[in-house]
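Written out below as structure tokens is the structure these notes cover.
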Amino acid sequence: MTFPVVGMVGGGQLARMTHEAGIPLGIRFKLLSDTPQDSAAQVVSDVVVGDYRDLDTLREFARGCDVITFDHEHVPTEHLRALEADGIPVRPGPDALVHAQDKGVMRARLDAIGVPCPRHRIVSDPQDVAAFAAEGDGFPVVLKTVRGGYDGKGVWVVDSVEEAADPFKAGVPVLAEEKVDFVRELAANVVRSPHGQAVAYPVVESRQVNGVCDTVIAPAPDLDEALALEASEMALNIAKELGVVGHLAVELFQTRDGRILVNELAMRPHNSGHWSMDGAVTSQFANHVRAVLDLPLGDPRPRATWTVMVNVLGGDFPDMYSAYLHCMARDPQLKIHMYGKDVKPGRKVGHVNTYGDDLDDVLERARHAAGYLRGTITE
């Protein structure tokens, strides 16, 4: 039997960890990376360096691959349709992935299938933003470029028509949304295979700092069981209705009046699922590999009462390896995952996972380790 080759477009840490999950299964990976120094390019043996925006490069890369998948959503939709026309399985396919690529398309489709979202519409200029604000509760308003944003990039919270000018300078459509009065952010992570099998991970709480995910708690503490079930069922329904194959992260707002609203979609392994590497029976990465190969999906249930992930961001202390001695001696259960990236201030260079039965203890251990690795904690 010949083991399949998974073609991964994008060489970031998500590709690196997906490759890691495929190693025990004997799954081979071929990587299309921007540079030989990218996170995944350091560990995958078969690396093609090239531009994912070039169709000829994509076609050449796809030769010898049994399936194509991604660690980002930025491959042009028309290129993915061309690969499918060539007979190459693309998972998730372009008809699904466009909903993660284009926020305007996403909102229209979610409206059509009855998924609750913040009030929104496409706006044409700052005066139209003012009109949108007047249709609701006024400013502030959230503005998003419909394509290309991530980790807070391409997102503005504006308090006046004068502040609304910047988003239009990019020359792409702009989506206006109400600024939701929310209690916290949640994420519902699900995985779906081509033949329709699907699994749901526990709904988690995702805490952001400056628009970037900082901490994830699994499961979300003090979340009403009925609301957790609603969030999971909503994510599973979105995956089915959109035809998602692979991992889907549904980012949610939990509002002060007890509702949940969809904020964003991601059709790939996601930061809110990194806890599953050590905290679930089957990680999001392993289930993504299984799904794109149409293998039976693994058990998503948690291994511990609580698992906490904290991102390790770059700071002014580049020698993170020297911090291992302290972190590992202090917490032998600590799980450190580094991405092989150069340390730059604010850059995601790794994450830590901790787990246990006491949430306060688990949170403190994760925060201490991430802070010590970054250099913001020194004792």
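Each residue takes its place number in the sequence, starting with 1.
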- Query: Other than Val349, what residues sit in its cluster of Ile, Leu, Val, Met, Phe, Trp and Tyr side chains whose heavy atoms are under 4.5 Å apart, directly or through others?
  - Reply: Ile217, Trp306, Val308, Val310, Val312, Met320, Tyr321, Tyr324, Met328, Leu334, Ile336, Met338, Val343, Val352, Leu359, Val362, Leu363, Leu373
- Note on the structure: Checking Val204, Ile260, Leu186 against Leu223 for side-chain contact (heavy atoms from CB on, under 4.5 Å), the one that qualifies is Leu186
- Taking side chain as C-beta onward, heavy atoms only, is Lys179 less than 4.5 Å from Val157? yes
- Find out if a path of hydrophobic residues (ILVMFWY) with successive side-chain heavy-atom gaps under 4.5 Å connects Val190 to Met267. yes
- Message: Can you confirm whether Thr255 sits close enough to Val183 that some side-chain heavy atom of one is under 4.5 Å from a side-chain heavy atom of the other?
- Response: no
- Query: Does the salt bridge (Lys or Arg N to Asp or Glu O under 4.0 Å) test come out yes or no for Arg207 and Glu205, once each step is laid out?
  - Reply: CA-CA 7 Å; Arg207 298 179 180 177; Glu205 178 177 337; 2.8 Å; yes
- Beyond-backbone contact of Asn311 with Asp214, side-chain heavy atoms, under 4.5 angstrom: no
- Message: Just so I know, are the side chains of Phe61 and Val9 near enough to count as touching, which here means a heavy-atom distance under 4.5 Å?
- Response: yes
- Message: According to a hydrophobic-cluster definition based on side-chain heavy atoms being under 4.5 Å apart (Ile, Leu, Val, Met, Phe, Trp, Tyr only), do Val203 and Leu229 belong together?
- Response: no
- Query: Between CG of Asn353 and CZ of Arg365, what distance do you get to the nearest 0.5 Å?
  - Reply: 10.5 Å
- Message: What I want to check is whether the side chains of Asn287 and Thr282 have a donor and an acceptor closer together than 3.5 Å.
- Response: no
- Near Asp319 CG, under 6.0 Å, is it more than 12 heavy atoms from other residues, nucleotides or ligands? yes
- Message: Within the 4.5 Å heavy-atom criterion, are Met309 and Asn271 side-chain neighbours or not?
- Response: yes
- For the rings on Tyr52 and His72, is their centre-to-centre separation under 6.0 Å? yes
- Message: Can a side-chain donor-acceptor contact be found between Thr77 and Gln101 if the only test is distance below 3.5 angstrom?
- Response: yes
- Query: When the ring centroid of His326 is compared with that of His368, is the distance short of 6.0 Å?
  - Reply: yes
- Query: Does a donor on one side chain and an acceptor on the other come within less than 3.5 Å for Lys341 and Gln13?
  - Reply: yes
- Item | Flag for His247-Asn189: side-chain donor and acceptor within less than 3.5 Å | yes
- Query: Hey, are Asp111 and His120 close enough side-chain-wise for a donor-acceptor pair under 3.5 Å?
  - Reply: yes
- Query: Mind checking whether Gln284 and His274 have side chains closer than 4.5 Å, heavy atoms only?
  - Reply: yes
- Query: Does the side chain of Thr57 pick up a donor-acceptor pair with the side chain of Asp51 at under 3.5 Å?
  - Reply: no
- Task: Say whether His337 and Asp278, considering side chains only, have a donor N or O and an acceptor N or O under 3.5 Å apart.
- Result: yes
- Quick one: do Asp257 and Arg259 make a salt bridge, cutoff under 4.0 Å? yes
- Count the heavy atoms belonging to other residues, nucleotides or ligands that lie under 6.0 Å from CG of Asp222, then report whether that count exceeds 12. no
- Query: Are His288 and Thr69 linked by a side-chain donor-acceptor pair shorter than 3.5 Å?
  - Reply: yes
- Has Arg119 got its NZ or CZ under 6.0 Å from the middle of the six-membered ring of Phe132, at an angle within 45 degrees of the ring axis? yes
- Query: Do Ser206 and Gln208 have side-chain N/O donor and acceptor atoms under 3.5 Å apart?
  - Reply: yes
- Is Lys144 close to Arg107 at the side-chain level, that is, under 4.5 Å between some pair of heavy atoms? yes
